[in-house]
Amino acid sequence: MAGVATTAAAAAMQSRTRRGAQSQAAPEVRTGPEVLAEAQAVVTATNTVCDVVNAVSPGRNGDINIYEVACATGLGHILTDGAQPASRNCIIVAQQAEEYALENPDAPAQVTCTLPENANAEQIMAGYIQSAGVTCQVDQTRWVGRTQSGEERYEVGCAGVDGYWLRVNPAGEYLDRLECIEVTAAGGECTFTTNEEQLAGFQARFASVAPQACTPEAGRFVGANADFRFYEVKCSEGFGFIAQTNPAGEPQAPVTAAVPSSCPAAAP
């Protein structure tokens, strides 16, 4: 999906913090008012939305200082200064550190968030999920990427049904959600959702409004307007159909029978 990728700054920062951790077996950890002021300067330089309440510098990478900051609200961040200052929130940092450790089991660990105020990542993610109105049994979550405008995207996996992407603004505030079937239609990827889960979701959502008995064999997101969202469903027997929901995802009548020539995915 266009625009949904890790920015160069975030990727470069991951590399800088990794090399810093490797190059110093026992880095000097700095705290105090001076570190707080230095970290605040990087927060300002990176346009990170954070009212800094605590800061620590866990080490350096050459001339680049690494900082962890805790914010009055929301997620904390790992920052680096230098010619290209950068910032990643604690969810991103933890995920990238875990991925690096799996790929490089013998390498030193990457810098992660350790301040006690930053033990809130799970709580923050739960808040995003609640704000999104996600009612499924969530079994997995991950950071997807950052847009050029600074928005973060997170994937939420659901047990047995379609998952979601959640969109969060630079201030850490939930914006909206995209169903995975919509994400894939736009060229994105949901790694936690299987085709079987998407079809099970169609079965559960549209069984009561389908024009005939239908076991979904395939389906796709068609589009949306201000009032409705439209889906095409292919049934394992008979004709498929076009279904519609309100913006909250609740099925709405009418449901129209599909004409094979106009609905290729729904044709028998």
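Please read these numbers as outputs of a predicted model, since none were measured by experiment.
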Give the table of side-chain donor-acceptor pairs shorter than 3.5 Å for residues 221-230, with sequence neighbours excluded, one pair per line with atom names and distance.
| unit_1 | atom_1 | unit_2 | atom_2 | d |
| --- | --- | --- | --- | --- |
| Asn225 | OD1 | Asp227 | N | 2.8 |
| Asn225 | OD1 | Phe228 | N | 2.6 |
| Arg229 | NE | Tyr231 | OH | 3.1 |
| Arg229 | NH1 | Glu182 | OE1 | 3.4 |
| Arg229 | NH2 | Glu179 | OE1 | 3.0 |
| Arg229 | NH2 | Glu182 | OE1 | 2.6 |

Greater than 12 external heavy atoms within 6.0 Å of Glu98's CD: no
Whether over 12 other heavy atoms sit under 6.0 Å from Gln212 CD: yes
Shortest non-hydrogen contact between Gln140 and Phe192, atoms and distance: OE1-CD2, 3.2 Å
Value rounded to 0.5 Å, distance of OG1 in Thr245 from CD in Glu250: 8.5 Å
Donor-acceptor contact present, side-chain Thr193 to main-chain Gly163, <3.5 Å: yes
Test item: side-chain donor near acceptor, Ser87 and Thr46, under 3.5 Å: no
Ile92 vs Glu152, side-chain contact (heavy atoms from CB on, under 4.5 Å): CA-CA, chis, key distance, verdict: CA-CA 10 Å; Ile92 300 170; Glu152 308 288 4; 3.6 Å; yes
Flag side-chain contact, heavy atom, 4.5 Å: Gln40 against Leu36: no
Return all side-chain donor-acceptor pairs below 3.5 angstrom for residues 123-138, not counting sequence neighbours, or 'none' if the list is empty.
| unit_1 | atom_1 | unit_2 | atom_2 | d |
| --- | --- | --- | --- | --- |
| Tyr128 | OH | Gly172 | O | 3.1 |
| Ser131 | OG | Gly127 | O | 3.0 |

Linked, directly or transitively: Ile181 and Phe241 (ILVMFWY side chains, under 4.5 Å): yes
Donor-acceptor pair, side chain of Glu155 and main chain of Trp165, under 3.5 angstrom: no
Side-chain donor/acceptor of Asn118 to backbone N/O of Val69, under 3.5 Å: yes
Nearest atoms (heavy-atom pairs only) where Val42 meets Thr80: CG1-O, 3.5 Å
Any donor-acceptor pair under 3.5 Å from Thr184 side chain to Glu189 backbone: no
Closest non-hydrogen atom pair, His77 against Cys50: CD2-CB, 4.5 Å
Side chain proximity check, Ile78 to Ile66, heavy atoms < 4.5 angstrom: yes
Any side-chain heavy-atom pair of Val233 and Cys214 under 4.5 Å: yes
Verify same cluster id: Val161, Phe202 (apolar side-chain graph, 4.5 Å): no
Glu68: partners by salt bridge (Lys or Arg N to Asp or Glu O under 4.0 Å), with sequence neighbours left out: none
Closest non-hydrogen atom pair between Cys180 and Asp162, with its separation: CB-OD1, 3.0 Å
Non-hydrogen atoms of Tyr154 and Val144 that approach each other most closely: C-CG2, 3.9 Å
Taking every non-hydrogen atom, the tightest pair across Pro216 and Gln203: CD-OE1, 2.7 Å
Any Tyr67 side-chain heavy atom under 4.5 Å of Asp81 side chain: yes
Qualifying residues under side-chain hydrogen bond (donor to acceptor under 3.5 Å, both in side chains), relative to Gln95, sequence neighbours excluded: Glu99
Residues in salt bridge (Lys or Arg N to Asp or Glu O under 4.0 Å) contact with Glu217, at least two apart in sequence or another chain: Lys234
Rounded distance (nearest 0.5 Å) linking atom CZ of Arg153 with atom OG1 of Thr147: 6.0 Å
Gln110 CD to Tyr100 OH distance, which is reported to the nearest 0.5 Å: 6.5 Å
Connected via hydrophobic side-chain network under 4.5 Å: Leu115 and Val29: yes
Modelled atom types, side-chain donor and acceptor of Arg142 and Thr191, under 3.5 Å: yes
Glu232 vs Ile242, side-chain contact (heavy atoms from CB on, under 4.5 Å): CA-CA, chis, key distance, verdict: CA-CA 5 Å; Glu232 180 183 355; Ile242 297 294; 3.7 Å; yes
Results of salt bridge (Lys or Arg N to Asp or Glu O under 4.0 Å) for Asp176 - residues two or more places apart only: Arg167
Rounded distance [0.5 Å steps], CZ in Arg88 versus CG in Leu79: 10.0 Å
